[in-house]
Chemist: 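My structure is below; once you've seen it, I'll send some questions.
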Amino acid sequence: MEDWVSGWVVSRGASDPVAQPWGWTIDVGQVNQVSRHVVVDADEVRVREAAALAQGEGWWLKVFLPERCEAPEAQVCAWLGQEWTSDEAAFLMSADLAPITPGTLPAGYVLRTWTRGDVVRVLIAAPDGSLAARGQMGVAGEVAVADQILTTPAHRRRGLGSVVMRALQQQALVSGATRAVLGATTEGRALYESLGWRTHTAFLSLCRTTGPTEPR
């Protein structure tokens with residue numbers, strides 16, 4: 001979790017994490033994501049304490065339970081009020097980095113990679129030049145965090161996601177990283193596991209969409 005936090009803030013250009021009794025606070029500075037609290041070893045008390053410090057709209061909670069979990073939604077949502085909306089659970093995954101080739105693209109597709117500061121980026125352009133797939137990794141010392149991995153709907157099931165991930169891993173390795181971490185959707189998890197990534201646990205993202213309500 002510390003690896004994921006350290007690389008995620010690099011990828012998003014967010015603030016340095018501020019240590020809290022229950023985890024970390026990170027300022028993001030976007031309209032739909034002002035700041036986020038990352039709650040580790042979560043129980044009802046720790047989650048409620050973090051939520052109480054997130055009074056305005058646009059605050060997010062990332063909640064990690066202390067034990068390995070596949071479906072934290074029901075348990076975590078029961079601790080919070082209706083002003084909080086949850087996403088589908090995501091999965092914390094990791095991989096050791098080693099030299100790897102991106103693989104072969106379908107005819108007409110073009111792979112581009114570049115690094116700006118400590119962020120490695122990959123773009124796959126479709127034959128007409130439009131966006132087919134993309135992704136990035138924030139590199140923080142020896143750890144790289146994969147972020148914002150996307151294949152556009154018209155170009156799915158062509159192996160582009162695998163090419164993006166392999167290219168990112170190779171570029172992160174060149175940048176000095178030795179291990180990688182990411183938060184995967186259920187759909188993405190299958191792809192990453194096929195590429196050798198290990199699943200550790202599920203976690204839940206929740207967004208405050210209204211002001212606080214009376215305690216239940």
Side-chain angles (χ1 to χ4, degrees), residues 1-20 22-28 33 35-42 50 60-72 76 87-100 102 113 115-122 133-151 161-206:
M1 285 178 277
E2 288 187 48
D3 278 353
W4 177 74
V5 168
S6 67
W8 188 90
V9 299
V10 172
S11 176
R12 298 294 179 97
S15 71
D16 290 336
V18 176
Q20 303 283 5
W22 32 258
W24 303 274
T25 296
I26 301 166
D27 288 329
V28 182
Q33 186 171 182
S35 301
R36 61 166 59 187
H37 295 316
V38 180
V39 185
V40 298
D41 294 330
W60 284 78
L61 300 182
K62 298 285 185 180
V63 179
F64 294 84
L65 296 174
E67 303 294 335
R68 180 183 172 92
C69 178
E70 287 286 315
V76 175
D87 285 346
E88 181 181 344
F91 298 89
L92 187 67
M93 306 183 72
S94 69
D96 297 323
L97 296 179
I100 192 171
T113 64
T115 300
R116 181 73 63 187
D118 293 319
V119 182
V120 174
R121 289 183 170 86
V122 168
R134 57 95 59 212
Q136 63 192 61
M137 275 187 169
V139 180
E142 294 184 351
V143 63
V145 173
D147 188 26
Q148 298 186 329
I149 310 301
L150 168 71
T151 301
S162 295
V163 174
V164 166
M165 290 304 299
R166 289 173 179 271
L168 285 173
Q169 289 175 227
Q170 180 60 30
Q171 290 299 113
L173 184 66
V174 170
S175 296
T178 60
R179 61 188 185 278
V181 184
L182 59 75
T185 63
T186 299
E187 183 179 31
R189 177 184 179 182
L191 166 64
Y192 305 136
E193 287 182 338
S194 73
L195 295 173
W197 288 68
R198 301 177 296 277
T199 300
H200 296 283
T201 190
F203 64 93
L204 194 62
S205 298
L206 303 103

Chemist: Do L65 and T201 touch side chain to side chain, with heavy atoms closer than 4.5 Å?
Modeler: no
Chemist: If you measure from CG on D87 to NZ on K62, what distance do you get to the nearest 0.5 Å?
Modeler: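 Rounded to the nearest 0.5 Å, the CG-NZ separation comes out at 6.5 Å.
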Chemist: Side-chain contact, heavy-atom cut-off 4.5 Å: M1 with V38?
Modeler: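 Contact flag for M1/V38 side chains = no.
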Chemist: Are any of the side-chain heavy atoms of W60 and V28 separated by less than 4.5 Å?
Modeler: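 Result no, sub-4.5 Å side-chain heavy-atom pair not found.
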Chemist: For R121, does its backbone N or O pair with a side-chain atom of R134 as donor and acceptor, under 3.5 Å?
Modeler: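 No, R134 side chain to R121 backbone: no donor-acceptor pair under 3.5 Å.
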Chemist: For E88 and R189, run salt bridge (charged side-chain N to carboxylate O under 4.0 Å, His left out): C-alpha distance rounded to whole Å, both residues' side-chain angles, the deciding distance at 0.1 Å, then the answer.
Modeler: CA-CA 13 Å; E88 181 181 344; R189 177 184 179 182; over 6 Å; no
Chemist: Return yes when atom CD of Q148 has more than 12 non-hydrogen atoms of other residues, nucleotides or ligands closer than 6.0 Å, and no otherwise.
Modeler: yes
Chemist: Taking atom CG of L61 and atom OG of S35, what is their separation to the nearest 0.5 Å?
Modeler: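 So the gap between those two atoms works out to 11.5 Å.
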Chemist: Run the ring-ring contact (aromatic ring centres under 6.0 Å, His included) test against W24 and tell me which residues pass, sequence neighbours left out.
Modeler: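 W24 satisfies ring-ring contact (aromatic ring centres under 6.0 Å, His included) with no residue once adjacent residues are dropped.
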Chemist: With sequence neighbours excluded, what pairs up with T113 under the side-chain contact (heavy atoms from CB on, under 4.5 Å) test?
Modeler: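 T113 satisfies side-chain contact (heavy atoms from CB on, under 4.5 Å) with L111, V122, A167, Q171 only.
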Chemist: Using a 4.5 Å cut-off on heavy atoms from C-beta on, say whether the side chain of W4 contacts that of F64.
Modeler: yes
Chemist: Distance check, rounded to the nearest 0.5 Å: L173 atom CG versus T178 atom OG1?
Modeler: 8.5 Å
Chemist: Ignoring hydrogens and geometry, is there a side-chain-to-backbone donor-acceptor pair from Q136 to S11 under 3.5 Å?
Modeler: yes
Chemist: I need the E193 CD to T199 OG1 distance, nearest 0.5 Å.
Modeler: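 So the CD of E193 and the OG1 of T199 are separated by 3.5 Å.
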Chemist: Looking only at heavy atoms, what is the nearest atom pair of A202 and A71, with distance?
Modeler: CB-N, 4.5 Å
Chemist: Sort and list the pairs that fulfil salt bridge (Lys or Arg N to Asp or Glu O under 4.0 Å) and have at least one residue in residues 195-206, not counting sequence neighbours.
Modeler: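 Matches after skipping sequence neighbours: D96-R198.
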Chemist: Between F91 and T186, does the side-chain contact (heavy atoms from CB on, under 4.5 Å) criterion hold? Intermediate values first, please.
Modeler: CA-CA 7 Å; F91 298 89; T186 299; 3.6 Å; yes
Chemist: Would you indicate whether R116, at its atom CZ, is surrounded by more than 12 heavy atoms from other residues, nucleotides or ligands within a distance under 6.0 Å?
Modeler: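 Counting neighbours around CZ of R116, 12 or fewer heavy atoms of other residues, nucleotides or ligands fall under 6.0 Å, so no.
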Chemist: If every non-hydrogen atom of M137 is compared with every non-hydrogen atom of A144, which pair is closest and at what distance?
Modeler: SD-CB, 3.8 Å
Chemist: If I take atom CE from residue M93 and atom CG from residue L191, how far apart are they, to the nearest 0.5 angstrom?
Modeler: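 Rounded to the nearest 0.5 Å, the CE-CG separation comes out at 8.5 Å.
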Chemist: Would S175 and D118 count as a side-chain contact (heavy atoms from CB on, under 4.5 Å) here? Give the steps.
Modeler: CA-CA 8 Å; S175 296; D118 293 319; over 6 Å; no
Chemist: Which pair of non-hydrogen atoms, one from V143 and one from S6, has the smallest distance, and what is that distance?
Modeler: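 Heavy-atom minimum between the residues: CG1-OG, 3.4 Å.
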Chemist: I need the minimum non-hydrogen distance between P17 and V9, along with the two atoms involved.
Modeler: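 Heavy atoms of P17 and V9 come nearest at CG-CG1, 4.2 Å.
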Chemist: Drop me the distance from H37's NE2 to I26's CD1, to the nearest 0.5 angstrom.
Modeler: 10.5 Å
Chemist: Evaluate the side-chain proximity of S94 to H200: yes if any heavy-atom separation is below 4.5 Å, no if none is.
Modeler: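 When only atoms from C-beta onward are counted, S94 and H200 do touch, with a gap below 4.5 Å.
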Chemist: Do M165 and L182 have side chains that get closer than 4.5 Å, going by heavy atoms?
Modeler: yes
Chemist: Could you check V10 against V139 for side-chain contact (heavy atoms from CB on, under 4.5 Å), going step by step and ending with a plain yes or no?
Modeler: CA-CA 7 Å; V10 172; V139 180; 5.7 Å; no
Chemist: Does CD in E187 sit with more than 12 non-hydrogen atoms of other residues, nucleotides or ligands closer than 6.0 Å?
Modeler: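 No, CD of E187 has 12 or fewer neighbouring heavy atoms, counting only those of other groups under 6.0 Å.
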Chemist: Is the closest side-chain heavy-atom distance between P72 and V63 below 4.5 Å?
Modeler: no
Chemist: Could you check whether any side-chain heavy atom of I149 comes within less than 4.5 Å of a side-chain heavy atom of L168, counting everything from C-beta outward?
Modeler: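 The answer is yes, as the side chains (C-beta and beyond) meet within the 4.5 Å cut-off.
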Chemist: What residue among V164, L97, V120 forms side chain to side chain contact (heavy atoms under 4.5 Å, CB included) with Q169?
Modeler: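 For Q169, the side chain to side chain contact (heavy atoms under 4.5 Å, CB included) check succeeds only for L97.
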Chemist: Indicate the atoms forming the closest heavy-atom contact of G7 with V145, along with that distance.
Modeler: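 Shortest heavy-atom separation between G7 and V145 comes out as CA-CG2, 3.4 Å.
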